[in-house]
Trainee: 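Below are the structure tokens for one structure; questions will follow.
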Amino acid sequence: MPHIATECRAAEQVDGDGTQPPKNRWAVLAVLCVSLLLCGIDLTVLHVAVPSMSRELHPGGTALLWIVDAYALTVAALLVTCGTLADRIGRKRMVLGGFALFGTASAAAGFASSTGALIAARVALGAGAAMIMASTVALIRVAFPDGRERAVALGIWTAAHSVGAAVGPLVGGAVTERWGWSAAFLVNVPIAAAILVIGARVIPESRNPTPRRWDLTSVALSVTGLVAVVYALKQAGAHLPPPPGALLAALVGAFLLHLFRRRQRRLAEPLLNLSLFADRRFSLATACVVVCFGSYVALLFFLTQWLQQAGGYPPLRAGLALMPLATANAAGAVNAPWINRRWGHRRTLTAALTLFAAALAALAALADAGSYGPLVPLLLAAGYGAGIVMTLGADALMTAAHPERSGEAAAIQETAFELGAGLGIACLGTVQNAAGGAHGNGFTAVCAAAAAGLAVTAGLVAVVRTR
């Protein structure tokens, strides 16, 4: 997840308080980085394992999408809630509880013998990841009171998630090909157990002496509304025209999310401060992050399915085939600040979105699962454009907020990335199912739909005045 620069910026906005840094602070960072690496891997590790898993569990198209994106949607729904709870009960306790839940849920997923059991395990995995991710930034700030050291630590920490998401398909392909799809989950268990033991010894405890009020009603409205909307999207893709139940779920979900928005505006201490969205630059940056990261994660998922099912790739080869995309994404993230200084924010963001959209449009028109060579330049272009957009979009989210609201902006930023990952697969999975699945024209339809969404976003960036 390319928010290295923005987390460093947030860290620089919190000056060191003169506290003597703990001697084991780098051990604390190592534990937290390994935990985020696991969270990143689990976002994409299942992508190459889907065909072999489908042969054993026989999930329907809709159930398959739930298996894949239940994790990201759960993380997105619970990040802010877990952060608020951690302030009250203690961040070390929250993180250790997350490690325990993550390891237990990984074992449950590895031994799942039915689609329902696997979906439930993926939800539990997402809850564990949310518990871990919601508290670690605050723990790093406790362990690194010096602002400069803290900026370096946060940069290393945030890079761990990007590395995990990039290598997830490769790890999944390697273990699936050798031991089967369940190994993609079981490999987490000993690592989570080791982190739990070490973390209990080295992670310092901290809590907010004046924590915000935890509003259970807001949690219920946001989670239930999001689940209802995603359910409607998946049902619409599986059944055309959409059944009455899907339409009802969409209306109920939209109404609940509307109530959530109204409640946040009335509360003195909202669960999610929506007033930041009054700034056009902040709103537009959020849209860029959601659309771009959603398209990128969805491309990772649907490309691996297409290569395996239409091209006959084994799992490991499918994972390796994604490396040009992941490598170019990292290069785009690194080069984004330099390009931004030369071209300016608006032109750079518009050009990068257009490049990503054009690459996906070319994939839709030219892709042939039997010939990998022509795909490479398109994957390089897509990854490079996506890396620039995600970095600049995340940076804009932080710079649009006042320094004293950097924590709220960071929470929305993290949620936007995870929500984009979940909704990207949900929405584009609906498109693939409607177009005939991975064996038919599904992959072409996915690329075309994502290209259209990115092109619209590029148009908005080009024409909307943010100042």
Side-chain angles (χ1 to χ4, degrees), residues 1-5 40-41 43-45 47-48 155 158-173 288-289 291-304 306-307 311 313 316-343 347-369 371-395 417 420-421 424 428 443 446-447 450-451 453-455 457-458:
M1 204 179 298
H3 16 288
I4 298 175
I41 288 175
L43 182 65
T44 57
V45 72
H47 290 4
V48 294
T158 51
H161 192 282
S162 296
V163 172
V167 304
L170 188 59
V171 172
C288 288
V289 167
V291 173
C292 184
F293 195 61
S295 299
Y296 178 74
V297 172
L299 179 60
L300 285 172
F301 173 64
F302 294 111
L303 180 61
T304 56
W306 180 66
L307 290 173
Y313 282 47
L316 180 56
R317 187 183 174 194
L320 288 170
L322 299 180
M323 287 301 101
L325 183 67
T327 302
N329 182 265
V334 170
N335 292 334
W338 178 79
I339 300 173
N340 188 49
R341 286 193 297 270
R342 289 180 62 88
W343 284 17
R347 284 197 295 174
T348 301
L349 202 53
T350 302
L353 283 164
T354 303
L355 177 62
F356 193 7
L360 287 175
L363 277 172
L366 306 174
D368 178 6
S371 180
Y372 178 69
L375 300 181
V376 174
L378 301 181
L379 296 180
L380 290 172
Y384 193 76
I388 294 173
V389 174
M390 289 186 281
T391 298
L392 296 185
D395 184 66
F417 273 97
L428 295 176
F443 181 69
V446 163
C447 291
L454 289 162
T457 307

Trainee: Could you go step by step and tell me if Arg317 and Leu307 meet the side chain to side chain contact (heavy atoms under 4.5 Å, CB included) rule?
Mentor: CA-CA 9 Å; Arg317 187 183 174 194; Leu307 290 173; over 6 Å; no
Trainee: Can you label the angle between the Trp306 ring and the Phe443 ring as parallel, tilted or perpendicular, going by 30° and 60°?
Mentor: parallel
Trainee: Do you know which two heavy atoms are closest between Gly393 and Leu349, and how far apart they sit?
Mentor: N-CD1, 4.5 Å
Trainee: With a 4.5 Å limit on heavy-atom distance, are the side chains of Cys292 and Thr457 in contact?
Mentor: no
Trainee: Calculate, to the nearest 0.5 Å, the distance between atoms CE and CG belonging to Met323 and Asn329 respectively.
Mentor: 11.0 Å
Trainee: How close do Ala382 and Leu299 get, heavy atom to heavy atom, and via which atoms?
Mentor: CB-CD2, 4.3 Å
Trainee: Please find the pair of heavy atoms, one from Pro169 and one from Val48, that lie closest to each other, and give the distance.
Mentor: O-CG2, 3.3 Å
Trainee: Restricting to non-hydrogen atoms, name the atom on Leu360 and the atom on Ala450 that form the minimum distance, rounded to 0.1 Å.
Mentor: CD1-CB, 3.6 Å
Trainee: Name the one of Thr327, Val389, Asn335 that satisfies side chain to side chain contact (heavy atoms under 4.5 Å, CB included) with Tyr384?
Mentor: Asn335
Trainee: My understanding is that only one of Leu454, Leu325, Val291 makes a side chain to side chain contact (heavy atoms under 4.5 Å, CB included) with Tyr296; could you say which?
Mentor: Leu325
Trainee: CD1/Ile388 to CG/Asn340 distance, rounded to the nearest 0.5 angstrom?
Mentor: 9.5 Å
Trainee: Return the OG1 to CZ distance between Thr354 and Arg347, rounded to the nearest 0.5 Å.
Mentor: 13.0 Å
Trainee: Search all heavy atoms of Cys447 against all heavy atoms of Leu363 and return the closest pair with its distance.
Mentor: SG-CB, 3.9 Å
Trainee: Taking C-beta and beyond as the side chain, do Tyr372 and Leu379 meet within less than 4.5 Å on heavy atoms?
Mentor: yes
Trainee: Can you name the nearest heavy-atom pair linking Leu428 to Ala298, along with the distance?
Mentor: CD1-CB, 3.5 Å
